[in-house]
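Here's the structure, in structure tokens; my notes come after.
Below, chain A is the first sequence line, B the second, and so on; all start at residue 1.
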Protein chains: 2
Amino acid sequence: MSKQSLPVIDQAAVCCAPMVREPLGEIDAVELSRMFKALSDPVRLRLLSLIASHEGGEACVCDLTGPFDVSQPTISHHLKVLREAGLVGSERRGTWVYYWVMPAALNRLAALLQAPADSKVAK
Amino acid sequence: MSKQSLPVIDQAAVCCAPMVREPLGEIDAVELSRMFKALSDPVRLRLLSLIASHEGGEACVCDLTGPFDVSQPTISHHLKVLREAGLVGSERRGTWVYYWVMPAALNRLAALLQAPADSKVAK
DNA sequence: CGACTGTATCGACAGCCATCGATACAGAAG
DNA sequence: CTTCTGTATCGATGGCTGTCGATACAGTCG
């Protein structure tokens with residue numbers, strides 16, 4: 001069940017109502033946890049923001065390996081994780097491979113986390 | 001460096017601008033990845049939504065152990081992870097311990113993930 | 001006080017994951 | 001075709017993490 005290369009997560013299949021509203025189903029929770037797991041690594045978070053904030057909304061891998069202290073295979077691995085989570089898309093154009101974010105996926109997670117102002121005051 | 005019981009994440013120290021706008025700093029990425037890691041488990045996601053959607057905005061642990069197939073110590077462990085990530089707060093009142101979500105933390109993550117409509121059309 | 005219930009901690013263990021070097025693959029350039 | 005560069009895959013490895021049973025702790029009730 002926990003095979004390494006899972007199929008890319010199907011965006012439409014995942015729920016999107018705020019989790020504050022109603023309890024998450026077990027199935028949805030599994031799908032969503034995969035996406036959050038993709039965000040649970042500092043390198044992947046920075047990769048994602050680098051891609052998202054890059055001019056034109058996409059970035060070549062060659063732009064992404066520089067800012068990190070980890071090896072090129074590791075960067076490639078992290079990009080694969082982000083892609084399989086459905087958070088980024090990629091395409092080869094000639095020599096270089098380009099990555100871009102999938103806004104719908106990010107917005108879905110954002111909507112899920114949306115909480116009402118202050119249902120309970122933090123102590 | 002990777003001790004099990006980290007101090008609870010300080011909310012105010014973490015950035016909140018959309019990551020699509022500008023690249024995440026290394027420090028912020030580490031902080032944020034800890035919170036996303038707390039969300040990267042199906043049981044914890046369901047726990048969080050159970051707590052958030054519970055009447056009164058808080059739930060007793062006794063309300064949370066039932067819906068799951070895992071043992072009570074495991075639930076307790078997951079609640080601790082959520083608490084140390086700053087996503088929930090807790091308090092003992094007499095015999096029972098109550099948990100509630102920290103809306104500011106959820107909203108901060110939601111804001112971070114907010115992406116512009118469709119900077120690039122998904123292929 | 002002692003018994004009982006609800007919750008947390010401990011120690012162990014199996015499976016997962018981030019990382020690396022080595023290497024394979026894809027396209028461009030000579 | 002050969003070489004070179006950019007990227008992905010492979011296999012190994014050390015560390016992290018989800019899970020459990022056993023047990024400790026906190027508060028309530030007789």
- Calculate, to the nearest 0.5 Å, the distance between atoms CG and OG1 belonging to B:L79 and B:T74 respectively. 11.0 Å
- Message: As a test of reading the structure: which of C:dT19, C:dA26, D:dC20 is closest to the side chain of B:T74, going by heavy atoms?
- Response: D:dC20
- Write down the distance between CH2 (A:W96) and P (D:dC4), rounded to a whole number of angstrom. 18 Å
- Task: Round to a whole Å and report the spacing from CZ of B:R92 to C1' of D:dT28.
- Result: 11 Å
- Does a side-chain N-to-carboxylate-O contact under 4.0 Å join A:R108 and A:E31? no
- Note on the structure: Taken to the nearest whole Å, CG/A:L82 to P/C:dA18 is 10 Å
- Length of the line joining A:R93:CZ and C:dA26:C1', which is rounded to integer Å: 16 Å
- Which part of the nucleic acid does A:S76 contact within heavy-atom distance under 4.0 Å: base, sugar-phosphate only, or nothing? base
- Task: Look at the side chain of A:V43 and decide which nucleotide, out of C:dA8, C:dT19, D:dT19, has an atom nearest to it.
- Result: C:dT19
- Message: Expressed as a whole number of angstroms, how long is the span from A:H78:NE2 to D:dT9:C1'?
- Response: 15 Å
- Between C:dA8, D:dT19, C:dT19, which one does the side chain of B:V97 approach most closely? C:dA8
- Message: Tell me whether B:S76 contacts the main-chain N or O of B:Q72 through its side chain, where contact means a donor paired with an acceptor under 3.5 Å.
- Response: no
- Note on the structure: Here the distance between atom P of C:dA18 and atom CZ of A:R46, to the nearest Å, is 16 Å
- Task: Using the closest heavy atom to pick a nucleotide of DNA chain C for each, name whichever of A:G94 or B:L79 lands nearer the 5' end.
- Result: B:L79
- Assign A:Y99 to base, sugar-phosphate, or nothing according to its heavy-atom contacts below 4.0 angstrom with the strands shown. sugar-phosphate
- Item | Gap between atoms CZ and P, on B:F68 and C:dT7 respectively (whole Å) | 14 Å
- Can you check whether A:H77 has a side-chain N or O nearer than 4.0 Å to OP1 or OP2 of C:dC20? no
- Note on the structure: Of A:V81 and A:P73, the one whose closest nucleotide on DNA chain C sits nearer the 5' end is A:V81
- Message: What's the closest nucleotide to the side chain of A:Q72 if the choices are D:dA8, D:dA26, C:dA18?
- Response: D:dA8
- Is the backbone N or O of B:A38 less than 3.5 Å from a side-chain atom of B:R44, with the two atoms forming a donor-acceptor pair by type? yes
- Task: Report yes if a side-chain nitrogen or oxygen of B:R44 is closer than 4.0 Å to either non-bridging phosphate oxygen (OP1 or OP2) of D:dG18; otherwise report no.
- Result: yes
- Message: Checking contacts here: which listed nucleotide (C:dT7, D:dT7, D:dC20) is nearest the side-chain heavy atoms of B:C62?
- Response: C:dT7
- Query: Just how far is it from atom CG of B:D63 to atom OG1 of B:T65, taken to the nearest 0.5 Å?
  - Reply: 8.0 Å
- Please state how far atom CG in B:L45 lies from atom P in D:dG18, giving the value in whole angstrom units. 12 Å
- Touch class at under 4.0 angstrom, heavy-atom based, for B:T95 against every strand present: sugar-phosphate
- Item | Side-chain (A:R92) to main-chain (A:G94) donor-acceptor, under 3.5 angstrom | yes
- Task: Go through D:dG6, D:dT19, D:dT17 for me and flag the one nearest to the B:K37 side chain.
- Result: D:dT17
- Item | B:S71 or A:V61, whichever maps to the more 5' nucleotide of DNA chain D | A:V61
